[in-house]
Amino acid sequence: AKDFTNQNEKMYKFEFDVVVSNPPYIPSLDMLTLTRDVVQYESREALCGGHDGLDVIRDIVDRMPEWTNNAEIDIGDLFMEVDTSHPNILKKWLEDDGSTDKP
């Protein structure tokens, strides 16, 4: 997965109320099982989220306080399409405050 954000500079001069994203979230091994109609129309960079599919998702969650009007992440501020294996992993991570033991 590619990181299109600039870690050293705030990209936006304003803050969002809500972040909606369809990030690359497919684990790299699952890329081999995708049907032709998916890979024919989407690039690998648009689909593959790294080894566990969470590379871009981790970055988005980490940067939510910077991007939103809230200092703390509120689950209602972020909507993402994720792999079916991710909800329980993300729930545990966010319940543990997202600062340690990233998935």
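Sequential numbering from 1 along the given sequence is applied to the chain's residues.
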Once you round to the nearest 0.5 Å, how far does [atom1] of [X] lie from [atom2] of [Y]?
{"X": "Ile26", "Y": "Leu32", "atom1": "CD1", "atom2": "CG", "answer": "11.0 Å"}
{"X": "Tyr25", "Y": "Leu47", "atom1": "OH", "atom2": "CG", "answer": "8.0 Å"}
{"X": "Gln40", "Y": "Thr35", "atom1": "CD", "atom2": "OG1", "answer": "9.5 Å"}
{"X": "Arg58", "Y": "Asp52", "atom1": "CZ", "atom2": "CG", "answer": "4.0 Å"}
{"X": "Glu95", "Y": "Leu90", "atom1": "CD", "atom2": "CG", "answer": "11.0 Å"}

Which heavy atom in [X] sits nearest to a heavy atom in [Y], and how many Å separate them?
{"X": "Asp83", "Y": "Ser85", "value": "OD2-OG, 2.6 Å"}
{"X": "Pro23", "Y": "Met80", "value": "CG-SD, 4.0 Å"}
{"X": "Thr33", "Y": "Asp30", "value": "OG1-O, 2.7 Å"}
{"X": "Gly53", "Y": "Ile57", "value": "O-CD1, 3.7 Å"}

Check: Does His86 reach the main-chain N or O of Glu81 with its side chain, forming a donor-acceptor pair under 3.5 Å?
Finding: no

Item checked: Shared hydrophobic cluster, Leu29 / Val38 (ILVMFWY, side-chain heavy atoms < 4.5 Å) -> no

Notebook entry, point to check: Crowded around Asp37 CG? As in, over 12 foreign heavy atoms under 6.0 Å?
Noted result: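 Enclosed: over 12 neighbouring heavy atoms sit under 6.0 Å from CG of Asp37.
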
Note to self: With heavy-atom distances below 4.5 Å as the criterion, would you say the side chains of Cys48 and Glu42 are in contact?
What the structure shows: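 Of all side-chain heavy-atom pairs linking Glu42 with Cys48, none is under 4.5 Å.
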
